[in-house]
Amino acid sequence: MADVGEESCRFALAGGVVTAGGKLRVRTHGVAQTALGVEGVPVREHRLERGRGQQRGVPPAEPSHHAIGRSRGGLTTKIHLAGDSHCRPLCFCLTPGEANDAPAFEHVMAALRTPRAVGRPRTRPLVALADRAYSSRAIREHLRGRGIRAVIPERADQVANCRHKGRRGGRPPAFDREAYKRRNTVERCINRLKNWRGLATRYEKTATVFRAGLHIAGIFIWSAH
């Protein structure tokens with residue numbers, strides 16, 4: 001996970017226009033002011049890509065492992081992304097498939113940039129929605145330090161450990177069940193991305209090319225609104 005930051009990419013699209021410098025100027029209409037969903041999803045690599053050797057013209061920022069790892073399902077890549085309340089992707093981060101979700105959380109949040117008409121881009125949503133895989137003290141402290149309300153359920157072992165300690169276990173973190181129901185938006189965002197065959201299964205050798213496909217799919221999703 002040391003070079004997850006090198007693989008992260010900033011992605012914020014809302015009917016934007018590409019400028020002369022190749023950057024995308026966007027109008028977000030307050031996307032980052034509301035709830036933000038974070039999720040990690042594994043993608044299996046196609047078997048034809050497994051035997052390829054070193055390719056020419058590999059970008060300098062390309063990680064040595066190409067964001068490909070071996071897990072129980074074979075060779076896989078994991079896409080960590082943040083989505084807004086309208087099922088649209090905001091940023092991506094690629095890791096090998098066996099990597100856990102929680103260590104990539106801060107990299108996903110750091111990649112979040114939502115430009116606005118005047119002033120600096122927004123980087124802090126009001127609420128961060130995530131599943132039990134992101135239930136850790138480090139993540140909750142990170143969100144608390146940035147003034148973001150965490151809506152993350154506790155894992156069963158954390159609840160049992162807190163009860164076992166009694167008073168020493170402290171007060172359990174607050175959890176808004178009604179707000180958590182909106183986490184389905186990031187799952188639906190993943191389903192939209194996987195409508196593309198090249199994203200549901202990875203066919204590219206390099207993480208750079210695969211990430212470019214995520215960008216193109218995201219542009220189509222944003223342009224549909």
Side-chain angles (χ1 to χ4, degrees), residues 1-14 26 28-42 78-96 98-116 119-163 165 168-190 193 214 218:
M1 297 295 296
D3 50 1
V4 173
E6 298 177 3
E7 300 169 24
S8 62
C9 63
R10 296 174 182 177
F11 186 77
L13 302 175
V26 302
T28 56
H29 307 291
V31 169
Q33 301 179 26
T34 56
L36 175 77
V38 181
E39 185 60 82
V41 54
K78 182 168 286 187
I79 306 171
H80 306 269
L81 75 156
D84 67 359
S85 56
H86 298 284
C87 311
R88 299 173 297 194
L90 294 174
C91 58
F92 300 109
C93 177
L94 299 180
T95 62
E98 76 276 8
N100 293 330
D101 293 344
F105 181 84
E106 293 188 15
H107 297 286
V108 173
M109 297 299 293
L112 181 63
R113 293 290 188 276
T114 309
R116 47 185 175 175
R120 298 178 180 178
R122 292 188 178 275
T123 60
R124 294 190 305 168
L126 295 178
V127 182
L129 310 174
D131 58 15
R132 289 179 173 83
Y134 298 92
S135 179
S136 69
R137 182 177 299 177
I139 290 178
R140 295 183 189 276
E141 290 179 354
H142 172 77
L143 294 175
R144 188 181 303 113
R146 296 185 59 185
I148 303 173
R149 185 163 66 97
V151 180
I152 306 174
E154 285 190 293
R155 299 194 303 269
D157 62 322
Q158 293 176 328
V159 175
N161 188 37
C162 183
R163 290 179 178 175
K165 290 183 177 180
R168 294 178 301 167
R171 182 181 298 176
F175 177 64
D176 189 344
R177 292 184 179 274
E178 289 300 320
Y180 187 71
K181 293 179 180 179
R182 291 182 290 171
R183 199 189 69 84
N184 69 86
T185 55
V186 70
E187 301 284 355
R188 288 153 58 192
C189 175
I190 293 172
L193 290 171
L214 289 170

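Everything numeric here is computed off the predicted structure, so don't read it as measured data. Side chains are part of it too, since the values below use all heavy atoms of this structure and drop only hydrogens, waters and symmetry mates.
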Problem set entry | Side-chain touch T95/H107, heavy atoms, less than 4.5 angstrom | no
Exercise. Taking atom CG of L129 and atom CD of E187, what is their separation to the nearest 0.5 Å?
Worked result: 11.5 Å
Seminar exercise, completed: Tightest non-hydrogen contact, residues S85 and T185, listed as O-CG2, 3.6 Å
Problem set entry | R144 (side chain) donor-acceptor with I148 (main chain) under 3.5 angstrom | no
For this session: Give the minimum heavy-atom separation between P89 and C189, together with the two atoms involved.
Result: N-SG, 3.5 Å
Seminar exercise, completed: CG (L143) and CD (E141) are apart, to the nearest 0.5 Å, by 10.5 Å
Exercise. Would you say the side-chain atoms of R113 pair up with the backbone N or O of A110, donor to acceptor, closer than 3.5 Å?
Worked result: yes
Problem set entry | Donor-acceptor under 3.5 Å (R140 side chain, I152 main chain) | yes
For this session: Check the pair L94, I79 against side chain to side chain contact (heavy atoms under 4.5 Å, CB included), reporting the backbone distance first and the verdict last.
Result: CA-CA 5 Å; L94 299 180; I79 306 171; 3.9 Å; yes
Exercise. Within a strict 4.5 Å, meaning less than it, do heavy atoms of the L81 and L214 side chains meet?
Worked result: no
Exercise. Tell me, do M109 and H142 make a side-chain contact under 4.5 Å, heavy atoms counted?
Worked result: yes
Problem set entry | Q158: side-chain contact (heavy atoms from CB on, under 4.5 Å) partners, not counting sequence neighbours | S135, E154, R155
Problem set entry | Non-hydrogen atoms of H80 and N100 that approach each other most closely | CE1-O, 3.8 Å
For this session: To the nearest 0.5 angstrom, please state how far the CZ atom of R137 sits from the CD1 atom of I139.
Result: 13.0 Å
For this session: Please name the pair of heavy atoms, one in V38 and one in Y134, separated by the smallest distance, quoted to 0.1 Å.
Result: O-CE1, 3.8 Å
Exercise. If only atom types and distance count, is the side chain of R124 paired as donor or acceptor with the main-chain N or O of R146 below 3.5 Å?
Worked result: yes
Exercise. Measuring from D131:CG to D101:CG, what's the distance to the nearest 0.5 Å?
Worked result: 6.5 Å
Seminar exercise, completed: On a heavy-atom basis, the closest approach of A102 and A133 is CB-O, 3.7 Å
Exercise. Can you check whether R183 reaches V151 side chain to side chain, under 4.5 Å on heavy atoms?
Worked result: no
Exercise. Of the non-hydrogen atoms in Y180 and P153, which two are nearest, and what is the gap between them?
Worked result: CE1-CD, 3.5 Å
